[in-house]
Each structure stands twice: as structure tokens, then as C-alpha cells.
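Have a look at this one before I ask anything.
Not measured: the values here are computed from a predicted model. By convention here, the first residue in the shown sequence is residue 1.
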Amino acid sequence: MPLKIALTKGRVERQVLPLLEAAGIDCSLLKQKNRKLIINTSDGNFQFILAKGPDVTTYLNAGAVDVGIVGSDILTEQRNQQAELLDLQVGCCQFVLASTNNFNLNQPGRKVIGTKYPLITQRYFETLGRDVEIIKIEGSVELAPLIGLADAIVDITETGSTLRENNLYVYDYLDLVSTRLVANRMSLKQHAAEIFTLVDQLAEVVQLTTDQRQNQGSGVK
Ligand code: PRP
């Protein structure tokens, strides 16, 4: 039986693939998957299931997969109950409070905030002692203040391009986000050896990548 791994489609998938390859996993079929959603590795050891981030936690909680690879933004928002085993240190981004240049949080009145992350947003404004109305948005959150749906947004930003290209400004920085490897707790008991081998291999790759980055930063060749 292959180890079932739910991998978040898109940005996470692209950034995690090189790590999986460096850990010795044959990703050739995964790379040529086109619209296929379930891909087995050629050695039969792993089965990758391509899913949207929030569904990765759903599959993990239901025991439909053994392992999930997903952003910490989603794990926090979904109140992850499974075993978080490794920070893969890719997919790094940050939560921000952003809006148009005329936004002023300190003006009186209950602000309307658009976000894909209502729980994280609620918690953030609670720490500020502010009561806000939260509107859940599924994607392209940046539109909300531009079309008059919300006063501001709480969203993740990586390069900052989406904010810049839509004339939005950062008003506060919240938590950092990165991609994590999570295991279903029952799978962790049943497939402990396979899961910990995978974690060890990936941890080594992550450490190596971090060392290389640091060496480049310090000019060591
Ligand atoms: C995320 C996020 C921003 C964008 C930020 O959206 O919600 O919209 O990335 O990235 P940047 O700072 O590099 O521009 P995603 O690409 O996941 O798509 P979505 O808006 O459809 O959810």
C-alpha cells in the first residue's frame, strides 16, 4: 500500500516538488500529471492526491490520506487537530492588513474586513480590542476594498505584487506562514516507519537548503 499524501495544488506544489525530488522521490509522473488528480510514484511507495489547501485538512481529519502538505495559514484557520511534523520552509508568506491609501483603522465606526481567513481575522482584531464585521471571500480578496465591499482585507502576501498592482497598502503585519507536513494521527501509528523516514529525508533537504541560503547570504562559495 502506498503512503497517501495530499499535496496542495498550485504554488505549494511547485515549491515542494524540488524538495521531494531532492529527498529521492521520483516525481516524474507528478510533473507530467496534466489534469490528473491522483498520481502514484513509479516505485509504488507514494500516492499523491492533488487538492485545494482547505480540503487537505478535511482529507487528513477524515483519514482519507496519511500525510498532508499544506500552508500553516490553512492549518491555523482550520484549527488543525492532526500531527504537524515538519516546517518545509517554502511557500513563505505573511498575513497583512491591507487597504487603499485612504484607510484609517483609528477612525470611529465598525470596519468591514474581507478575508479568506475569518478565524485568523477575528483573533487579530480581538487582540486589538476592535469589533469588526468580517466578510468571507473565496479568492482575489484584493478586490474587496476596490469595489467597496470592505474597508480593508486580511490576506497573505508573498511577493507583494498583487497588492502593488492593485494600489493597496500594508497597514499591519500579522503572522508568518510556511508550508508544513502534517500526518493523520492514526496513520502515524500504523505507518510510523514510512512517515518518519519521509520526514527525516525531507528534514535533511530543508536543512541543506537553509545552509546553502545562509552560505550564499554570507558570500561563502
Ligand atoms: C494569494 C493571496 C494573494 C496573493 C498574494 O492568492 O490571497 O491574492 O496570493 O501573492 P503575492 O504577494 O505574491 O502577489 P492566490 O494566488 O493563492 O489566489 P486566490 O486569490 O485565488 O486565492
Side-chain angles (χ1 to χ4, degrees), residues 1-93 116-117 119-120 138-139 156 158 175-213:
M1 277 280 282
L3 199 66
K4 290 184 187 166
I5 304 178
L7 174 61
T8 307
K9 286 201 274 197
R11 218 187 287 225
V12 168
E13 173 194 345
R14 282 192 294 279
Q15 298 193 14
V16 166
L17 249 148
L19 299 184
L20 294 170
E21 279 191 313
I25 296 172
D26 176 13
C27 295
S28 50
L29 297 175
L30 201 53
K31 281 183 182 164
Q32 342 157 343
K33 68 176 172 28
N34 298 322
R35 301 287 297 169
K36 246 183 131 182
L37 298 172
I38 300 182
I39 296 102
N40 290 301
T41 54
S42 51
D43 58 11
N45 288 341
F46 302 98
Q47 179 173 79
F48 287 96
I49 290 125
L50 278 303
K52 288 253 184 198
D55 295 333
V56 170
T57 52
T58 305
Y59 299 158
L60 274 170
N61 290 337
V65 296
D66 303 303
V67 170
I69 296 179
V70 61
S72 58
D73 51 332
I74 288 165
L75 294 172
T76 307
E77 183 66 26
Q78 307 280 331
R79 302 175 201 258
N80 173 45
Q81 302 293 314
Q82 305 303 325
E84 193 182 311
L85 298 179
L86 184 64
D87 183 346
L88 293 168
Q89 293 176 33
V90 291
C92 299
C93 45
K116 280 188 272 189
Y117 305 90
L119 177 71
I120 289 166
E138 297 302 332
I156 48 170
E158 185 186 6
D175 289 342
L176 291 166
V177 170
S178 61
T179 302
R180 310 290 163 91
L181 186 144
V182 183
N184 168 274
R185 292 194 184 278
M186 191 60 82
S187 299
L188 202 50
K189 288 185 186 148
Q190 289 168 344
H191 306 287
E194 295 98 306
I195 293 175
F196 283 115
T197 304
L198 175 68
V199 169
D200 288 348
Q201 284 166 336
L202 283 169
E204 215 171 289
V205 173
V206 170
Q207 187 58 54
L208 215 65
T209 316
T210 311
D211 292 347
Q212 277 167 358
R213 257 189 236 135

Task: CD (E204) with more than 12 external heavy atoms under 6.0 Å - done: no
TODO: Determine yes or no for a side-chain-to-main-chain donor-acceptor pair under 3.5 angstrom, with T179 supplying the side chain and L88 the backbone.
DONE: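 Judged by distance alone, no pair lies under 3.5 Å.
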Open item on the list: Measuring only between side-chain heavy atoms, which start at C-beta, is P2 closer than 4.5 Å to N45?
Closed with: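 A side-chain contact is absent here, since even the closest heavy-atom pair is not under 4.5 Å.
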Open item on the list: When you compare the side chain of I5 with that of I49, does any pair of heavy atoms fall below 4.5 Å?
Closed with: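 I49 vs I5: side chains apart.
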Task: Minimum heavy-atom distance between T41 and D43, given as atom pair plus value - done: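 Heavy-atom minimum between the residues: OG1-OD1, 2.7 Å.
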Open item on the list: Check this for me: does any side-chain nitrogen of one of E158 and R11 sit under 4.0 Å from a carboxylate oxygen of the other?
Closed with: yes
Task: Atom pair CG (L50) and OG1 (T8), whose distance is rounded to the nearest 0.5 Å - done: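 Taking CG in L50 and OG1 in T8, the distance rounds to 9.0 Å.
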TODO: Calculate, to the nearest 0.5 Å, the distance between atoms CG and CG belonging to L7 and L20 respectively.
DONE: 7.0 Å
- [ ] Flag the pair Q89 / T209 as yes when at least one side-chain heavy-atom distance between them is below 4.5 Å, and no otherwise.
- [x] no
Task: Heavy-atom closest contact (S42 atom, L29 atom, distance) - done: N-CD1, 4.1 Å
- [ ] Determine, stepwise, if the pair E13 / K33 fulfils salt bridge (charged side-chain N to carboxylate O under 4.0 Å, His left out).
- [x] CA-CA 12 Å; E13 173 194 345; K33 68 176 172 28; 3.2 Å; yes
- [ ] Look only at the side chain of E77 and the backbone of I120, and say whether a donor-acceptor pair between them is shorter than 3.5 Å.
- [x] yes
Open item on the list: Looking at every heavy atom in both A83 and R185, which two are closest together, and how far apart are they?
Closed with: CB-NH1, 3.7 Å
Task: side chain to side chain contact (heavy atoms under 4.5 Å, CB included) evaluation trace for N40 with F48 - done: CA-CA 6 Å; N40 290 301; F48 287 96; over 6 Å; no
Open item on the list: Once rounded to the nearest 0.5 Å, what's the spacing between atom CD1 of I39 and atom NZ of K36?
Closed with: 6.5 Å
Open item on the list: Quiz question: by atom type and distance under 3.5 Å, do the side chains of D211 and Q207 form a donor-acceptor pair?
Closed with: yes
- [ ] Measure from the side-chain N and O atoms of S72 to the backbone N and O of S178, and report whether any donor-acceptor pair falls under 3.5 Å.
- [x] yes
TODO: Verify the distance criterion only: is there a donor paired with an acceptor across the side chains of Q81 and N61 at less than 3.5 Å?
DONE: no
Open item on the list: Show the nearest heavy-atom pair for residues V56 and I69, with the distance to one decimal.
Closed with: CG1-N, 4.1 Å
TODO: Could you tell me whether D87 and R180 have a side-chain N and a carboxylate O separated by less than 4.0 Å?
DONE: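 So D87 pairs with R180 through a salt bridge.
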- [ ] Side-chain contact test, heavy atoms from C-beta onward, threshold under 4.5 Å: evaluate it for V70 versus V12 and give yes or no.
- [x] no
- [ ] Report yes if some heavy atom in the side chain of L181 is under 4.5 Å from a heavy atom in the side chain of V67; otherwise report no.
- [x] yes
Task: Interatomic distance, E21 atom CD to C27 atom SG [nearest 0.5 angstrom] - done: 4.5 Å
Open item on the list: Measuring from atom CD1 of I74 to atom CD1 of I156, what distance do you get when rounded to the nearest 0.5 angstrom?
Closed with: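 Atom-to-atom, I74:CD1 and I156:CD1 are 7.5 Å apart.
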Task: Test log, rule side chain to side chain contact (heavy atoms under 4.5 Å, CB included), inputs N184 and L188 - done: CA-CA 6 Å; N184 168 274; L188 202 50; over 6 Å; no
Open item on the list: Tell me whether D66 contacts the main-chain N or O of S187 through its side chain, where contact means a donor paired with an acceptor under 3.5 Å.
Closed with: no
Open item on the list: As an exercise, state the distance from CD of E194 to CG of L3, rounded to the nearest 0.5 Å.
Closed with: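 Reported value, rounded in 0.5 Å steps: 6.0 Å.
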Open item on the list: I'd like to know if the side chain of T57 reaches the main chain of L75, judged simply by a donor and an acceptor atom lying under 3.5 Å from each other, with no hydrogens or angles considered.
Closed with: no
Open item on the list: Just so I know, are the side chains of T76 and D175 near enough to count as touching, which here means a heavy-atom distance under 4.5 Å?
Closed with: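 T76 vs D175: side chains apart.
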- [ ] For T58 and P54, indicate whether the former's side chain and the latter's backbone hold a donor-acceptor pair under 3.5 Å.
- [x] yes
